[in-house]
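The analysis underlying the following values was restricted to heavy atoms, covering all of them including side chains, and did not include hydrogens, waters or symmetry mates. Since the model is a prediction, treat every value here as computed from it, not as a measurement. Here is how names work: the chains are called A, B, and so on, in the same order as the sequence lines, proteins then strands, and each is numbered from 1.
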Amino acid sequence: MNESDTSRHFLRQWIEKDVAAGMVGGGVVVTRFPPEPNGYLHIGHAKAVCVDFGMAQLFGGECHLRLDDTNPTKESDEYAENIKRDINWLGFQWSGRPGESGEPGFYNASDMFDKMYAIAEELISRGQAYCCNLTQEEWKAYRGVPERPGTPSPSRDTDPDRNMQIFHEMRAGKYADGEWCLRAKIDMASPNIHFRDPVLYRIRHVPHYHLKDRWCVYPMYDFAHPIEDALEGVTHSMCTLEFEVHRPLYDWVIARMAEQGELVTRNGALVRPQQREFARLNLTYTVMSKRLLLQMVNEKVVAGWDDPRMPTVCGMRRRGYTPGAIREFCERIGVSKVESESDPALLEWCVREELNRTATRRMAVLDPVKVVIDNWDAAESRLVELPNNPTDAAAGVRQVPFGREIWIDRADFMEVPEKKFFRMAPGQEVRLRGACIFKCTRCVKDASGAVAEIHGTWDEASWGGNAADGRKVKGTIHWVDCATGVKAEVRLYDRLFTEKDPLKDGSDGFLKYLNPDSLRTVTAYVEPALAEAKALEHFQFERTGYFVADEHDSKPGAPVFNRTCTLKDSYKPA
RNA sequence: UGCCUCGUGGUGUAAUGGUAGCACCGCAGAUUCUGAUUCUGCUUGUUGGGGUUCGAGUCCCUGCGAGGCAACCA
């Protein structure tokens, strides 16, 4: 991907314009990715990661990773660690000056609590914030509705000294959760609800995963976020559309910081952060909210956050998706302000596009039925040479054992072939991939009428796969030698939901649209080389699909494979 | 119904007053020791109405539709 291939979306043009106008404080474009450590990253976050890190990369700037940990009730270290791991796996590394932890470009919002508190105190001194003891219900009533002005809090005109006293008492732990809060004094009549004296600080007697019990008052997002951006020297702060209506408040806080002389400088220039908003990614046939994903994990609808059916970054990794494919997908869906729903088919296309170039070819029979080559000497075994990847000669070749009895896939045989069925059928010739031409003579059935065994003969002049007389054989099928084939557990994944929009009836009933066939586990026979597959190693099982050795469960000698996606298949049964 | 944002093929996205293009999906054909890959071709689009202009997807007015905002969540 070079620069000219990259879409000139509106965020890029926004930054370009600032750069061209010399409007970037300090001359360095600084962005940030600010997840809250209260869940695992999903494909929607991956888009934001690509935008935030991607723009910084494009302009030769920095992108910070900041854990926005201002609400201790839902956050944890487990989430924080996995967020970092997932971003790295996606191929990005945060950069910038060391944060409190000493790690370059890495910040915890909570490390800025002292400064936030001081800024709040200054707001109080200047009569721009006050302490309020309205209950949440009262506050809701006072705030009013968007179409009518709200009512001022009785505490709105408390003098700064008294406010300061209460604020200090809040911090000292004198009050219970919700008893008091700190609010900005802005405009109770604003058509923008967020300007109606928003809450800046609330009391939470909850230990913080990072700072333990150091604080019992915590800043709200609208107050904390612009301060975090400003303190880090972020120049371009990009977030999703729902924050658009918060932007005036973001700017209000930045303006107050400017008044207080709290904006930082870079290379001698003041850095004044700006926020812009873009549409979040939606994918059909899945859900993307952390709350709902957590619900599926808790209710054990899936095996965990990294269940290969989950749209989480770790789930996709375990499914066999690659970082490159995910980045390519994020590039192709573009960036705009239109709320849209992307088609998972595009993601799959990106996955296939990469895996076709890189995945090692192997043969595996997922639904085995035995074939006996009657004119093959039972004692004889030969090696067949096959390329590891026909699209990449450098990948070399491997030898695959072949003998009198082999497994083929049940779907590759029809006792009464329909028209244009090029595979195995009585009287019909088919090529056994890399080995020889085989002609089926008959099949044996079991008591239930199912095909139990197929018999036929091979054309001894066709060793290697081509007929000596030059006659064409249309069908080629894959196989696994019975004598040396290895058993493997194979997990066949399909989409998690049957409904394009699982939330069409609201978020309560989405589980009724779960796809009952989203996971099917089979025992397959695979060629010997697959026995030693390494965790997360990608393969193409020829004619079947892309598979990956399971990150947790695959062991040498006892491989377990997850189906990443099928191959495209233009065969349409008549 | 207050404020804000957004409407381009089935989907996603370009065109920044000058030939509506690209990709995915779908369909058809060629090639093929993977019915894969590769290659070729095809179907389908500017939310309605009015205005400005030589010229409007783009600017203006108006209707229609979609989404967001009324957590001491982020």
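Nucleic acid contact class of A:Pro35 (heavy atoms, under 4.0 Å, all strands): none. Across all strands, A:His194 comes closer than 4.0 Å only to sugar-phosphate atoms, never to a base (heavy-atom distances). Base engagement by A:Arg431 is indicated by at least one non-hydrogen atom pair under 4.0 Å involving a base atom. Among the heavy atoms of the strands, none lies under 4.0 Å from A:Glu277. Here A:Glu542 lies in heavy-atom contact (under 4.0 Å) with a base. Residue contacts shown for A:Arg361 include a base, since a base heavy atom lies under 4.0 Å away. Among the protein residues, A:Lys140 comes within range of the sugar-phosphate backbone only, with heavy atoms under 4.0 Å from sugar or phosphate atoms but none that close to a base. A:Asn192 comes within 4.0 angstrom of nothing in the nucleic acid, heavy atoms only. At a threshold of 4.0 angstrom between heavy atoms, the contacts of A:Arg247 with the nucleic acid are absent. Among the atoms of the strands shown, only primed sugar atoms or phosphate atoms (P, OP1, OP2) are found under 4.0 Å from some heavy atom of A:Glu36. Contact annotation for A:Tyr142: no contact, since no heavy-atom pair falls under 4.0 Å across all strands. Within the nucleic acid shown, A:Leu134 comes within 4.0 Å of at least one base atom, counting heavy atoms only. Using a 4.0 Å heavy-atom distance criterion, A:Val335 is classed as a sugar-phosphate-only contact. Residue-level contact check: A:Thr70 touches the backbone only, with heavy atoms under 4.0 Å from sugar-phosphate atoms and none from bases.
Checked against B:U37, B:C27, B:U34, the side chain of A:Lys568 finds its nearest nucleotide in B:U37. Checking B:G12, B:C73, B:G35 against the side-chain heavy atoms of A:Ser342 singles out B:G12 as nearest. Distances from the side chain of A:Trp349 to the nucleotides B:U5, B:C24, B:U37 place B:C24 closest. Among B:A71, B:G68, B:G35, the nucleotide with an atom closest to any side-chain atom of A:Val245 is B:G68. In the set B:A74, B:G68, B:A70, the nucleotide with an atom closest to the side chain of A:Pro146 is B:A70. You'll find that the side chain of A:Leu346 is closest to B:A23, out of B:A23, B:A71, B:G7. Candidate nucleotides B:G35, B:U37, B:C72 were compared by shortest atom distance to the side chain of A:Asp569, and B:G35 ranks first. Among the nucleotides B:A36, B:U34, B:C27, the one closest to any side-chain atom of A:Ser570 is B:A36. Considering only side-chain atoms of A:Glu244, the nucleotide from B:C25, B:A74, B:C4 that sits closest is B:C4.
In this model, a side-chain donor or acceptor of A:Lys474 finds a partner on the base of B:U32 within 3.5 Å. No hydrogens or angles were tested; on distance alone, nothing pairs the side chain of A:His9 with the base of B:A14 as donor and acceptor under 3.5 Å. Put simply, the side chain of A:Arg357 and the base of B:U37 share no donor and acceptor less than 3.5 Å apart. Within 3.5 Å, no donor on the side chain of A:Glu339 pairs with an acceptor on the base of B:U5, nor the reverse.
In this structure, the CG atom of A:Leu241 is 20 Å from the P atom of B:A74, given to the nearest Å. With rounding to whole Å, A:Arg202 atom CZ is found 9 Å from B:A71 atom C1'. Atom CD1 in A:Ile193 sits about 13 Å away from atom C1' in B:G68, given to the nearest Å. Rounded to whole Å, the distance from CG on A:Leu249 to P on B:A70 is 12 Å. Note: CD (A:Glu348) to P (B:G12) measures 18 Å, nearest angstrom. Following rounding to the nearest Å, A:Arg543 (CZ) and B:U37 (P) show an atom-to-atom distance of 14 Å.
At a cut-off of 3.5 Å, with distance as the only test, a side-chain donor of A:Asp197 or A:Tyr130 sits close to an acceptor on the other residue. With 3.5 Å as the limit, one finds a donor-acceptor pair spanning the side chains of A:Glu277 and A:Gln275. Side-chain contact annotation: A:Asp69 with A:His210, donor-acceptor N/O pair under 3.5 Å absent. The closest side-chain donor-acceptor pair between A:Tyr221 and A:Asn71, if any, does not fall under 3.5 angstrom. A donor-acceptor contact under 3.5 angstrom links the side chains of A:Asn389 and A:Arg361, judged on distance only.
Look at the C1' atom in both B:C54 and B:U11: the space between them is 37 Å, to the nearest Å. B:U5 and B:G18 are spaced 29 Å apart, taking the C1' atom of each and rounding to whole Å. Using C1' as the reference atom, B:U19 and B:C25 are 27 Å apart when rounded to the nearest Å. Comparing the C1' positions of B:G26 and B:G10 gives a spacing of 9 Å, expressed to the nearest Å. For the C1' atoms, the distance from B:A74 to B:U62 is 38 Å, rounded to whole Å. When the P atom is used for both B:C64 and B:G49, the distance is 15 Å, rounded to whole Å. Nucleotides B:C61 and B:C6 are separated by 14 Å at their P atoms, to the nearest Å. A distance of about 15 Å separates the P atoms of B:U52 and B:U58, rounded to the whole Å.
For B:G63, the paired nucleotide is B:U47, the pair qualifying as Watson-Crick or G-U wobble because both relevant distances are below 3.5 Å. Base pairing of B:A20: no nucleotide in any strand meets the Watson-Crick or G-U wobble criterion (both distances under 3.5 Å). Nucleotide B:C39 has B:G29 as its partner under the Watson-Crick or G-U criteria, with both atom distances under 3.5 Å. A 3.5 Å limit on both hydrogen-bonding distances identifies B:C69 as the Watson-Crick or G-U partner of B:G2. For B:G57, there is no paired nucleotide, since no Watson-Crick or G-U wobble pair has both relevant distances below 3.5 Å. Using N1 to N3 plus N6-O4 or O6-N4 for Watson-Crick, or N1-O2 and O6-N3 for G-U wobble, each under 3.5 Å, B:U8 pairs with nothing.
With a glycosidic angle no more than 90° from 0, B:A71 adopts the syn conformation.
Residue-environment remark: CZ (A:Arg171) exceeds the threshold of 12 foreign heavy atoms within 6.0 Å.
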**Request:** For the pair A:Leu503 and A:Leu292, evaluate side-chain contact (heavy atoms from CB on, under 4.5 Å) and give the outcome as yes or no after the intermediate values.
**Result:** CA-CA 10 Å; A:Leu503 300 180; A:Leu292 267 21; 3.7 Å; yes
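When each of A:Glu341, A:Glu244, A:Glu242 is paired with A:Arg280, the salt bridge (charged side-chain N to carboxylate O under 4.0 Å, His left out) condition holds for A:Glu242 and for no other.
Between A:Tyr218 and A:His208, the ring planes are parallel. Angles under 30° get that label, and only those over 60° would be called perpendicular.
In this structure, A:Arg433 does not reach the B:A36 phosphate: none of its side-chain N or O atoms is under 4.0 Å from OP1 or OP2.
Using a cut-off of 4.0 Å between Lys/Arg side-chain N and Asp/Glu carboxylate O, A:Glu16 and A:Arg8 are scored as salt-bridged.
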